[in-house]
Amino acid sequence: MQRTFSIIKPDATKRNITGSINKIIEENNLRIVAQKRIQLTNEQAENFYDIHKDKPFFKDLIEYMTSGPVVVQVIQGDNAITKYREVMGATNPDNAKEGTIRKIHALNVQENSVHGSDSEVNAVKEIDFFFNLNEIVG
């Protein structure tokens, strides 16, 4: 069993589609073992997306990620990182496969409804950023 991290982004929480996204996750044999709805502060968003701080889209990304509540999750399953990235679909929803979260729900490249860890190292780091061990029950 492997764990990965997910964020259901502000565009999705504003449209009240968290349940639909969770259903897609669960239908793909992934289990949500921790979940909470939070409002990211500027400081949290800047720290979380620090890797992008020198990129031209950084300011817009921080504004977007703090524009409304998000749902942070720990997802568990066989090859969870790779599997969840497949379930999310391509970053650009125009390139996402049918049936993926982004093909179904994304509005555009930025408002693409979900984030998922891209490696084991980042999954551990991202889970630790938002969760204490006692919050993860899987």
Side-chain angles (χ1 to χ4, degrees):
M1 280 298 148
Q2 184 181 58
R3 288 184 174 157
T4 192
F5 176 76
S6 171
I7 299 176
I8 299 177
K9 295 180 178 182
D11 69 276
T13 62
K14 282 178 188 168
R15 291 180 287 143
N16 201 29
I17 57 173
T18 301
S20 177
I21 291 170
N22 284 349
K23 183 175 186 232
I24 296 168
I25 291 167
E26 292 172 340
E27 285 173 344
N28 281 277
N29 298 315
L30 292 167
R31 187 166 171 232
I32 300 162
V33 296
Q35 175 174 272
K36 58 186 174 181
R37 184 180 175 102
I38 62 170
Q39 176 70 48
L40 286 176
T41 64
N42 275 345
E43 183 180 359
Q44 284 175 313
E46 287 172 1
N47 287 335
F48 186 79
Y49 288 105
D50 184 57
I51 192 169
H52 299 303
K53 68 182 175 195
D54 296 326
K55 297 188 176 144
F57 60 81
F58 183 70
K59 184 178 179 284
D60 289 339
L61 175 63
I62 300 310
E63 266 182 41
Y64 164 60
M65 290 303 294
T66 58
S67 69
V70 298
V71 175
V72 292
Q73 303 173 309
V74 179
I75 297 172
Q76 182 173 290
D78 291 331
N79 299 310
I81 295 166
T82 300
K83 180 71 174 170
Y84 186 53
R85 292 191 67 76
E86 290 169 2
V87 169
M88 286 191 307
T91 302
N92 182 339
D94 293 338
N95 301 331
K97 290 182 181 173
E98 291 298 326
T100 61
I101 293 169
R102 290 176 173 154
K103 189 64 164 184
I104 296 167
H105 293 298
L107 300 175
N108 54 55
V109 173
Q110 178 170 280
E111 295 175 306
N112 62 9
S113 301
V114 287
H115 159 87
S117 302
D118 62 1
S119 68
E120 281 192 57
V121 169
N122 283 337
V124 169
K125 179 181 161 190
E126 293 174 352
I127 290 167
D128 287 346
F129 190 89
F130 288 103
F131 290 93
N132 298 318
L133 283 177
N134 63 350
E135 293 178 293
I136 304 171
V137 294

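Source: prediction; values computed, not measured.
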With sequence neighbours excluded, residues passing side-chain hydrogen bond (donor to acceptor under 3.5 Å, both in side chains) with Asn108: Glu111
Quick one: side chain to side chain contact (heavy atoms under 4.5 Å, CB included) partners of Gln39, sequence neighbours excluded?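 Scan of Gln39 (side chain to side chain contact (heavy atoms under 4.5 Å, CB included), adjacent residues dropped) gives Pro69.
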Residues forming a side chain to side chain contact (heavy atoms under 4.5 Å, CB included) with Glu43, sequence neighbours excluded: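 Checked Glu43 against side chain to side chain contact (heavy atoms under 4.5 Å, CB included); matches are Thr41, Asn47.
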Hey, what else clusters with [X] if you join Ile, Leu, Val, Met, Phe, Trp, Tyr whenever side-chain heavy atoms sit under 4.5 Å?
X: Ile25; value: Ile8, Ile17, Ile21, Ile24, Leu30, Ile32, Val71, Ile75, Tyr84, Val87, Met88, Ile101, Ile104, Val114
X: Ile81; value: none
X: Ile51; value: none

What residues, two or more places apart in sequence or in another chain, satisfy ring pair (Phe, Tyr, Trp, His ring centres under 6.0 Å) together with [X]?
X: Tyr64; value: none
X: Phe58; value: none
X: Phe131; value: none

For [X], check salt bridge (Lys or Arg N to Asp or Glu O under 4.0 Å) against everything at least two apart and list the hits.
X: Lys36; value: Glu135
X: Glu63; value: Lys59
X: Asp50; value: Lys53

Hey, quick one: are Ile127 and Ile38 part of the same hydrophobic cluster, counting side-chain heavy atoms closer than 4.5 Å, chains of contacts allowed? yes
